[in-house]
Amino acid sequence: MSQPVRTRIAPSPTGAPHLGTAYMALFNLAFARKHGGQFILRIEDTDRKRSSIESEKAIFEALRWAGIEWDEGPDCGGQYGPYRQSERLDLYEREINRLIEKGHAYRCFCTPQRLNELRAKQIANKETPRYDGLCLSLSQEESARRAKSEPFVVRMKIPESGTCEFTDELRGQVNIEWSQIDHQVIRKSDGFPTYHLANVVDDHEMAISHVIRGEEWISSTPKHVLLYQYLGWKCPSFAHLPLLRNPDKSKLSKRKNPTGIFYFRDAGFLPEALLNYLGMMGYTLPDQREIFSLEELIETFDIKRISLGGPIFDLAKLKWLNGRYLREKLNPVEVIDRLQAWKANPEFLGKIMPFALQRLETFSDFFPLAQFLLSEQPIYALEELVGKMEPEQSAKFLKIAEWELEKTASWDRDTLSSVFQRMAEVEDLKLKQLLPLFFMAMSGSTVSLPLFDGIALLGPDLTRMRLRHALELLSANGQGLSKKGIKKLEKEYANRYGERID
RNA sequence: GUCCCGUUCGUCUAGCCAGGUCAGGACACCGGGUUUUCAUCCCGGCAACAGGGGUUCGAAUCCCCUACGGGACGCCA
């Protein structure tokens, strides 16, 4: 351990900042700080189609809100920069060429169609899908010649037999047979590296000493280990943390849980309580304290104390903890400050006022009208939700809205309006017939502010939760969508609205 | 399907590495008390070593098998 400790998180800027990112960041940060090292934020934006600068900004904002600070990153620089993979392409290209020259990697000219067919065939034969090595036999000359006129990817070679052994700091030795590993693409046809290559190159170049990441990476660790060997570099040590889970034990997903970091901000949680809660997922301080600050976590941090069973994220316990923070860690004046910073400020109230004003006779009318924008979840009865609509129709429309809104890139009044406009058209309904359901689901009342403006102010995370809450209310009364029903609806949806995205 | 990882109350976990505790704490839940209500707070209760084999005087703890859960198998990360 003579080498300075440097850890990192490497989120990819696709979609909303995820709780899992904050979770991994927390332990990477704690480990680095405990050992007097640095914690780095690197943006892995090698997926050109899905990465966006907005998402990158959101990651900074979300992590900062949560109380995670990094020593080096795209926004604050550092001596190992740049910290954005799209700005490091030369570096990857150099190493990819080195790998090709040394015979550790080769160009592959197979078309996506051929690979799809191959995969389909292998799956049909109950084999593990894997590249069959067709382009492996190409001579260096032919490969170089075809590269000038044809699209290609670069794949890394994998030993034909034997076992990859590596040490996971938490689990001990892990053995995976090379026969299980595919000839991984390390450079895509668009010239960008894949995660595996970029990750290894950057971790080396950025002098990362400890790779602390999610358990989902264990099975691709052999590829990484091999790349370090091929490139003649020393491997960092690896520690794979358990994954946060949904109540059904599957990997935490926004389908089943609030997973966006901003959800917790917008729903009125304290960042320090959230961080504390994440810190007790799979970890306990030596003295079993449950309430602890980041500093206290760091002070006593011991990565070996992490327990390996995937912890289920329990909103109820988080709320309990948040309540204790409010009561025990803050005084009333501070709570008022924090409340103001949250939504009780002129800026936010100012956004509501234009809509509320037309409905005001006295000040007393304001807060009841604005209430749904200031609470986590309005309360209403099933009959109110459904109204004149058939319950199953309601469930269907709620689900479709959830899918449609998932696809909505910009979250403003007009865009939202057109989403519902279109939905009414496709369903052959008047907007007036469709909307009462959503008024109730969003605001818990038929007397409320304009719907689209309301949804815009609510933001995507709270909106999703409200749709889901409505759906759950229907299900709890036996009038929701069954699994089969959802499958069926999904197909119908694909036909009439277009493919769904996650 | 193949491989890998995991498994202590419903949930988060302590204990496991260095076998001997009535298996401890917290959330949730239930009951009681304080409070004009509610909440807070206090007290009490419910509730777990996945199963089966070993090793041992003794196993939650060490070993093996089974089951179950999860993850991975992309020109996503």
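Below, chains carry the letters A, B, ... as their sequence lines are ordered, and counting in each starts from 1.
Across all strands shown, B:G20 is found opposite B:C57 as a Watson-Crick or G-U wobble partner, with both distances under 3.5 Å. Nucleotide B:U7 forms a pair with B:A67, judged by Watson-Crick or G-U wobble geometry with both contacts under 3.5 Å. Summarising the base pairing, B:G44 is matched to B:C30 through a Watson-Crick or G-U wobble pair whose two defining distances lie under 3.5 Å. Pair assignment for B:U2: B:A72, on the basis of Watson-Crick or G-U wobble contacts that are both within less than 3.5 Å.
Taking side-chain N and O atoms only, A:Arg305 has a distance below 4.0 Å to OP1 or OP2 of B:G15. Note on A:Lys249: every side-chain N or O is 4.0 Å or more away from OP1 and OP2 of B:C68. The phosphate of B:C27 (OP1 or OP2) has no side-chain N or O of A:Lys319 nearer than 4.0 angstrom. Taking 4.0 angstrom as the limit, A:Lys188 places a side-chain polar atom (N or O) nearer than this to OP1 or OP2 of B:C76. Side-chain nitrogen and oxygen atoms of A:Ser12 include none within less than 4.0 Å of the OP1 or OP2 phosphate oxygen of B:C76. For A:Arg327 and B:C41, the shortest distance from a side-chain N or O to OP1 or OP2 is below 4.0 Å. Contact annotation: A:Ser219 side-chain N/O to B:G71 OP1/OP2 distance is not under 4.0 Å.
For B:G24, its base sits under 3.5 Å from the side chain of A:Gln288 at one donor and acceptor pair at least. For a distance-only test at 3.5 Å, the side chain of A:Ser189 qualifies as a donor-acceptor partner of the base of B:C75. Between the base of B:A28 and the side chain of A:Lys317 there is no donor-acceptor pair shorter than 3.5 Å.
Mapping A:Thr14 and A:Gly282 onto RNA chain B by nearest heavy atom places A:Gly282 at the nucleotide closer to the 5' end. Residue-to-nucleotide proximity on RNA chain B shows that, of A:Gly309 and A:Asp45, the 5′-proximal contact is made by A:Gly309.
Using a 4.0 Å heavy-atom criterion, one finds that A:Asn175 contacts the sugar-phosphate atoms exclusively. Backbone-only contact: A:Arg245 has heavy atoms under 4.0 Å from sugar-phosphate atoms and none from a base. Residue A:Lys304 is out of contact with every strand shown, counting any heavy-atom pair closer than 4.0 Å. When heavy atoms are screened at a 4.0 angstrom cut-off, A:Arg289 is found touching no nucleic acid atom at all. Among the protein residues, A:Cys164 comes within range of no part of the nucleic acid, since none of its heavy atoms lies under 4.0 Å from any strand. At a threshold of 4.0 angstrom between heavy atoms, the contacts of A:Val153 include nucleobase atoms, whether or not backbone atoms are also involved. Nucleic acid contact class of A:Pro112 (heavy atoms, under 4.0 Å, all strands): base.
Spacing between B:G15 and B:G24 at atom P, rounded to whole Å, works out to 15 Å. Comparing B:A39 with B:G53, their P atoms sit 49 Å apart, to the nearest whole Å. Comparing the same atom, P, in B:A47 and in B:C38 gives a spacing of 28 Å after rounding to whole Å. Spacing between B:A59 and B:G71 at atom P, rounded to whole Å, works out to 35 Å. Only the C1' atoms considered, B:A67 is 30 Å distant from B:A26, to the nearest whole Å. Straight-line distance between the P atoms of B:C43 and B:G69: roughly 40 Å, to the nearest whole Å. Atom C1' of B:G45 sits at a distance of 42 Å from the matching atom of B:C4, rounded to the whole Å. Taking atom C1' on both B:A48 and B:C29, the two are 16 Å apart, rounded to the nearest angstrom.
Rounded to whole Å, atom P of B:C27 lies 16 Å from atom CG of A:Leu315. Across the protein-nucleic acid pair, A:Asn246 atom CG and B:G71 atom C1' stand 14 Å apart, rounded to whole Å. Rounded to an integer number of Å, the gap from CE of A:Met280 to P of B:C27 is 9 Å. Taking atom CH2 on A:Trp217 and atom P on B:G74, their separation rounds to 13 Å, with Å as the unit. To the nearest angstrom, P of B:U2 lies 22 Å from CD1 of A:Ile158. Distance A:Arg119 CZ to B:U2 C1': 15 Å, rounded to the nearest Å. Between A:Asp168 atom CG and B:A72 atom P there is a gap of 16 Å when expressed in whole angstrom units. To the nearest angstrom, P of B:G6 lies 18 Å from NZ of A:Lys251.
Between A:Tyr195 and A:Trp217, the gap from one ring centroid to the other is short of 6.0 Å. Ring to ring, A:Trp403 and A:Tyr497 are not that close: their centroids are 6.0 angstrom or more apart. You'll find the ring centres of A:Tyr83 and A:Phe60 outside the 6.0 Å limit. Remark: aromatic rings of A:His35 and A:Phe31 are close, center separation under 6.0 Å.
For A:Ile312, the listed nucleotide lying nearest its side chain is B:U11; candidates were B:U11, B:A77, B:G1. When the nucleotides B:G25, B:G71, B:C4 are ranked by their closest atom to the side chain of A:Glu290, B:G25 comes out on top. Considering only the side chain of A:Thr128, B:C73 comes nearest among B:G70, B:C76, B:C73. Closest to the A:Gln180 side chain, of the nucleotides B:U2, B:G71, B:A14, is B:U2. Candidate nucleotides B:C76, B:C12, B:G6 were compared by shortest atom distance to the side chain of A:Arg50, and B:C76 ranks first. The A:Asp314 side chain lies nearest to B:C27 when the options are B:C27, B:C75, B:C4.
Shown here is A:Glu160, whose CD atom has no more than 12 heavy atoms of other residues, nucleotides or ligands within 6.0 Å. Crowding of A:Lys102 atom NZ: a count of heavy atoms from other residues, nucleotides or ligands under 6.0 Å exceeding 12.
Taking the charged nitrogens against the carboxylate oxygens, A:Arg289 and A:Glu299 have no contact shorter than 4.0 Å, which rules out a salt bridge.
A:Val154 pairs in a side-chain contact (heavy atoms from CB on, under 4.5 Å) with only one of the listed residues (A:Ile100, A:Val185, A:Leu197), which is A:Ile100.
Cation-pi geometry between A:Arg338 and A:Tyr325 is not met at under 6.0 angstrom from the ring centre and within 45 degrees of the axis.
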